[in-house]
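Proteins get letters first, then strands, A, B, ... in listed order; numbering begins at 1 in each.
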Amino acid sequence: MGILLFGVVKETAGCAVLDCPAYIKDVATLKRWLYEQYPSLQQLSSLMIAVNRSYASDDQEFTDRDEIAVIPPVSGG
Amino acid sequence: MGILLFGVVKETAGCAVLDCPAYIKDVATLKRWLYEQYPSLQQLSSLMIAVNRSYASDDQEFTDRDEIAVIPPVSGG
Amino acid sequence: MDVLITIKEKITVEEALAFIQTPTCGGEVIFAGTVRNHTHKRAVTHLFYECYEPMALSEMRKIADQVKEKWAIEKLVMLHAIGALYPGDIAVVIAVASAHRGIAFDACEYVIDTLKETVPIWKKEFFADEQPV
Amino acid sequence: MDVLITIKEKITVEEALAFIQTPTCGGEVIFAGTVRNHTHKRAVTHLFYECYEPMALSEMRKIADQVKEKWAIEKLVMLHAIGALYPGDIAVVIAVASAHRGIAFDACEYVIDTLKETVPIWKKEFFADEQPV
């Protein structure tokens with residue numbers, strides 16, 4: 001399934017949409033997988049996952065019909 | 001000497017400059033005299049006197065070379 | 001701190017903005033006070049602002065001095081309208097620019113609160129249910 | 001409470017003012033965040049703002065809902081610019097109108113503070129002492 005990347009995560013991965021393995025079905029597993037793929041993300045002060053455009057907790061599950069996005073520390077305003 | 005009136009004090013006295021007796025040489029005496037002349041001023045929440053464009057305390061003295069103004073409660077802004 | 005203090009018949013938010021905008025500042029806070037069309041449920045037709053101008057300017061300068069002492073503000077504007085004002089018209093504009101937004105909010109609120117307490121300007125309200133004078 | 005939420009390439013304080021001005025309100029508080037020409041003493045040539053737009057709009061609506069619950073605010077505007085911005089350009093405008101100025105200050109500061117924490121918008125800085133990409 002494709003997950004949306006923004007900001008420094010997008011720059012680190014070098015792409016705006018990342019394909020992640022089908023076995024990943026919850027936020028905690030996705031974050032673990034991201035940290036394995038891109039260890040430098042562990043240096044960020046936070047890394048949030050949004051499920052269907054809302055911040056999700058670690059135990060939230062999702063399917064490939066959900067819109068998943070990786071949200072590094074925001075810096076708007 | 002002429003003292004400057006504003007707002008409700010001007011409306012009460014019916015004039016913008018009031019002539020006050022020469023024996024008045026300090027703020028407290030001026031306020032007492034104003035209250036005698038216009039008892040309705042006692043209903044105001046405050047009545048300040050400005051000497052040379054600065055708020056003056058009751059014990060401040062002045063002469064006829066000073067600019068004296070009566071400042072009812074302000075309502076700018 | 002650059003300061004613009006003005007009392008005149010017509011004031012605008014734009015002139016305040018034009019004065020405070022600078023590439024060195026990150027945050028600008030502006031307060032605009034407009035004439036309401038009612039006071040305590042009574043319909044207001046217009047207001048008349050009267051001013052003891054030299055003292056009002058002097059008191060506004062004192063507020064600016066206090067701001068300069070209290071906060072690291074780069075630019076401060078205080079505009080006050082006088083004369084006849086109608087509902088929707090702008091009576092007062094306070095604008096503050098600072099590198100830090102928190103103190104810009106604090107300073108802007110301090111200025112309008114203090115102005116309303118100390119600056120010799122008086123507002124007379126004219127009501128719809130009143131006989132014309 | 002009337003709400004205007006916009007994310008677009010160019011925003012102005014004037015459009016925020018136009019939305020919030022109303023004869024029923026006494027106090028308007030506006031925050032404008034502008035691009036600074038330096039960050040930690042390094043000269044900034046420009047910024048690029050990137051945005052996860054549908055979620056950003058949704059988070060901005062959540063902030064508006066919180067404001068509506070907390071305070072008696074009549075009008076609220078939240079504008080955010082995206083794309084390339086240069087020193088002096090306006091990146092964000094928050095505007096609040098209320099009959100009571102104290103809560104207008106509180107609400108305006110709450111909105112900008114919360115927006116900076118929760119709304120998925122990212123700023124990339126380009127420095128003068130950097131190689132062009």
Side-chain angles (χ1 to χ4, degrees), chain C residues 12-18 20-41 43-47 74-75 77 85-113 115-116 123 125, chain D residues 12-18 20-41 43-47 74-75 77 85-113 115-116 123 125:
Chain C
T12 64
V13 173
E14 285 75 14
E15 67 196 292
L17 259 182
I20 62 167
Q21 277 179 348
T22 148
T24 65
C25 269
E28 287 129 29
V29 175
I30 301 148
F31 174 80
T34 50
V35 176
R36 284 198 267 176
N37 61 8
H38 64 278
T39 303
H40 305 302
K41 315 234 165 177
V44 170
T45 58
H46 67 288
L47 302 182
E74 291 197 33
K75 307 230 177 205
V77 177
L85 273 86
Y86 294 82
D89 284 354
I90 296 178
V92 63
V93 177
I94 311 298
V96 170
S98 165
H100 306 283
R101 72 180 184 282
I103 62 172
F105 277 104
D106 290 348
C108 189
E109 191 166 12
Y110 176 82
V111 170
I112 181 62
D113 287 352
L115 181 148
K116 281 173 173 269
K123 162 172 79 183
E125 290 167 317
Chain D
T12 64
V13 174
E14 286 73 14
E15 65 194 295
L17 259 182
I20 62 167
Q21 276 180 349
T22 149
T24 65
C25 269
E28 287 130 29
V29 175
I30 300 148
F31 173 81
T34 51
V35 176
R36 283 198 267 176
N37 61 8
H38 63 279
T39 303
H40 304 301
K41 315 234 163 175
V44 170
T45 59
H46 67 289
L47 302 182
E74 291 196 33
K75 308 230 178 205
V77 177
L85 274 87
Y86 294 81
D89 285 353
I90 296 178
V92 63
V93 176
I94 311 297
V96 171
S98 164
H100 306 284
R101 72 181 183 281
I103 62 171
F105 277 105
D106 291 346
C108 190
E109 191 166 12
Y110 176 82
V111 170
I112 182 62
D113 287 352
L115 180 148
K116 281 173 171 271
K123 163 170 78 182
E125 290 166 319

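Most heavy-atom pairs under 4.5 Å with chain C: of the set D:Pro87, D:Gly88, D:Gly26, D:Gly27, this distinction falls to D:Gly26. Options C:Asp113, C:Val13, C:Ile90 differ in how many heavy-atom pairs under 4.5 Å they form with chain D, and the most are formed by C:Asp113. For the set D:Ile20, D:Thr22, D:Thr24, D:Leu17, the count of heavy-atom pairs under 4.5 angstrom toward chain C peaks at D:Thr24.
Only the side chain of D:Gln21 comes within contact range of chain C, with heavy atoms under 4.5 Å apart. Contact of C:Ala99 with chain D is made through backbone and side chain together, with heavy-atom distances under 4.5 Å. Residue D:Asp89: no heavy atom, backbone or side chain, is found under 4.5 Å from chain C. With a 4.5 angstrom heavy-atom cutoff, D:Ala95 does not touch chain C via any of its atoms. In this structure, chain C has a heavy atom under 4.5 Å from the backbone of D:Val35, while its side chain stays farther away.
The minimum heavy-atom distance linking C:Ile30 with C:Cys108 is given by the pair C-SG, 4.2 Å.
Looking at D:Glu74 and D:Ser98, their side chains never bring a donor and an acceptor atom within 3.5 Å of each other.
For the pair C:Phe31 and D:Arg101, the minimum side-chain heavy-atom distance is below 4.5 Å. For the pair D:Val44/D:Arg36, no side-chain contact is recorded, criterion being any heavy-atom separation below 4.5 Å from C-beta on.
Between C:His46 and C:Tyr86, the ring planes lie parallel to each other; the angle is under 30°, not in the 30° to 60° tilted range.
In terms of modelled atom types and a separation under 3.5 Å, the side chain of C:Thr34 and the main chain of D:Cys25 share a donor-acceptor contact.
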